[in-house]
Q: 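This structure is in structure tokens; I'll ask about it shortly.
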Amino acid sequence: MSDPQPLSQTDSVPYRVEPDARAAELAERFHDLPEQSETGVTVTVAGRLMLRREMGRVAFASLHDSSGSIQLFAGRAWTDGFAEFTRLSLGDWITATGEVVTTKTGELSVRVASWQLLARARRGFGDKWHGISDVDTRYRQRYADLWANDGSRRVLLLRSKLVSWIRRWLEDQDFVEVETPIFHPTPGGATARPFTTHHNALDVDLYLRIAPELYLKRLVVGGFERVFEVARVFRNEGLSPRHNPEFTMLELYQAYADYTDMMSITENLVAGAAMQILGTTEISYGGRPLSLSVPWRRATLTDLIAEHAGLTLDLDMADEEMRSAARSVGVTPEPGWGPGKVLLEIYEKTTEARLWGPVFVTDYPKEVSPLARDHRSRAGYVERFEGIVAGRELCNAFSELNDPGEQRLRFEAQAAAKAAGDDEAMSIDEDYLRALDFGLPPTGGLGIGVDRLVMLLADADAIRDVIAFPTLRPETF
RNA sequence: GCGCCUCUAGCUCAAUGGCAGAGCAACGGACUCUUAAUCCGCAGGUUCUGGGUUCGAAUCCCAGGGGGCGCACCA
């Protein structure tokens, strides 16, 4: 491939331009003009040249800006620098000024009187019909994917609108957005393997947060009765279509509330977001219909296991009976597992993926929920739920454990598991225990996977589609 | 980490053991109303890499690399 001829205008690229019209606005304003109209309206547009059709002494081009696309209509008779206009490359950024007209076929166009090159596209790009479909190229060269593939851009736009709406919605309910540390001296708030880093001046190892939870609850102790954070969190685990090592959690905490309040917030937030962004709560995911309308079903974990696996289980049954039930469904209990862990494994193996939902799975074993408060009426369980949608966990919430003595016991159990080799178990966070000593009121807490919510609303089957720059193995050049 | 699949021109893809091709993009040209414009012409390759089998390998085998999917882990 030989290089395109240099354009003389590359030497005079402006530092700023002032377009006064956008493609979508023009389409809106002039949508019903008859063929060969002249509006007398002169506009300046700017964007990227995406298609070009040359006809000798006239030429058509599609100019894309962030709002959409508008046709440029250039001709030797009326366009300054017409010869150079026809030598523009697809992908070049230009600005053009001219009258808004329609062509013989009725296509709304800017009849270019003058134009300027803003930036050249020096690299080849995707097939104009197929775009770029190689998944590796799409994620590695997102800058190319985003303008070659309309759908990629739409998903990221949807994400932006979603997060923006969530902020407004929570602020309207007196939730305060806060920012808490990403460097944690003690990783906590979730069971996951953290990334480690090192601070040179302090000469201490720090961990990238796996959850903001413990800091947000410290703020509740400090008097912030309703807080939330849109928190990037980091977990040192494998990559998959549904897992990226860094992802975004919405966590919120509300004083004086319990987990039933969190269910209400969750279903209203998700249904509201769907209404706001898609205009309906009746969506389709992966070709299957899904109703997000309120209220969502609520069912206990043990009832759902009975429903889907035909096993009637409870934590008061004999240990060996529970383990034998696990083996009957293909779960091999490990020696360190207590009955709560075995029960959870049975649920995950037999039930979770079958829950199309949405459904609130309630009442988890205390053993696997070190930060949740004891259930007010079921021994061995805590007041916790996960919201399952399309077979996946969308959120996790509980009535927060606010008793410092009980919290210490839970931490100690976690530390013992860690000492026994569970490198995802929590450590004892003495400062958090000290904070609880000052008094955490009854509090409901909720964490929603923002990426997964975007996937749901965008009907995306891979988390990489909803993250602008997903984690990939570094490229070697 | 394990298993399966995959990698060919800038992009999208053919060629299944017998001369590596097409469309688009690029480059040169024609065309005064196109819509993935059309037409003519020209050029474009470490077939991911390295070995092996074979008269002959994009194709079969081995090893390595990138990616995808599944499992495991998790949200």
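A note on names: the letters A, B, ... follow the listed sequences, proteins ahead of strands, and every chain is numbered from 1. We use all heavy atoms of the structure for the numbers below, so side chains are in, but hydrogens, waters and symmetry mates are not.
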Q: Reading RNA chain B 5' to 3', how would its secondary structure be written in dot-bracket notation, given Watson-Crick and G-U pairs with both distances under 3.5 Å, brackets [ ] for crossing pairs and | for partners on other strands?
A: (((((((..((((....[..))))..((((.......))))......(((((..]....))))))))))))....
Q: Expressed as a whole number of Å, how far does the P atom of B:U47 sit from that of B:A9?
A: 10 Å
Q: If the C1' atom of B:G18 is compared with that of B:C2, how far apart are they to the nearest Å?
A: 39 Å
Q: In whole angstrom, give me the gap between the P atoms of B:A58 and B:C19.
A: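 The same atom, P, in both gives a distance of 10 Å.
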Q: Is A:Glu383 paired with A:Arg373 through a side-chain N to carboxylate O contact shorter than 4.0 Å?
A: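 Salt bridge absent between A:Arg373 and A:Glu383.
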Q: Would you state whether a donor and an acceptor, one from the side chain of A:Asp134 and one from the base of B:G67, lie under 3.5 Å apart?
A: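 Such a pair does not exist between side chain and base.
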Q: Any side-chain N or O of A:Arg193 below 4.0 angstrom from OP1/OP2 of B:C73?
A: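 For B:C73, neither OP1 nor OP2 has a side-chain N or O of A:Arg193 closer than 4.0 Å.
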Q: On RNA chain B, check which nucleotide each of A:Gly449 and A:Asp461 is closest to and give me the residue with the more 5' one.
A: A:Asp461
Q: Which of these nucleotides, B:C73, B:G66, B:U12, is closest to any side-chain atom of A:His130?
A: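 Given the options B:C73, B:G66, B:U12, the side chain of A:His130 is closest to B:U12.
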Q: Using a heavy-atom cut-off of 4.0 Å across all strands, would you classify A:Arg76 as base, sugar-phosphate, or nothing?
A: nothing
Q: Please answer whether B:A37 and A:Phe60 are stacked, defined here as ring centres separated by less than 5.5 Å and planes angled under 30°.
A: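 No, A:Phe60 does not stack on the base of B:A37.
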Q: Please indicate whether A:Tyr207 has more than 12 foreign heavy atoms, meaning atoms of other residues, nucleotides or ligands, lying under 6.0 Å from its OH.
A: no
Q: If you take the centroid of each ring, where Trp contributes its six-membered ring, are A:Phe228 and A:Trp169 closer together than 6.0 Å?
A: no
Q: Test your reading of the model: is there a side-chain donor-acceptor pair from A:Asp136 to the backbone of A:Tyr139, 3.5 Å cut-off?
A: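 No; zero donor-acceptor contacts below 3.5 Å.
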Q: Can you find an N or O donor on one side and an acceptor on the other, under 3.5 Å apart, linking the side chain of A:Glu54 with the base of B:U34?
A: no
Q: Is there a donor and acceptor pair closer than 3.5 Å between the side chain of A:Thr103 and the base of B:U34?
A: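 Under the 3.5 Å cut-off, the side chain and the base do form a donor-acceptor pair.
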Q: Please report, rounded to the nearest Å, how far the P atom of B:C11 is from the CG atom of A:Asp127.
A: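 Going from CG in A:Asp127 over to P in B:C11 covers 11 Å.
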Q: On a heavy-atom basis, which atom in A:Pro333 and which in A:Arg327 lie closest, and how many Å separate them?
A: CD-CG, 3.8 Å
Q: Surrounding CD of A:Glu348 (heavy atoms of other residues, nucleotides or ligands, distance under 6.0 Å), is the total greater than 12?
A: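 Enclosed.
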Q: What integer distance in Å separates A:Arg138:CZ from B:U6:P?
A: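 The answer, rounded to whole Å, is 21 Å.
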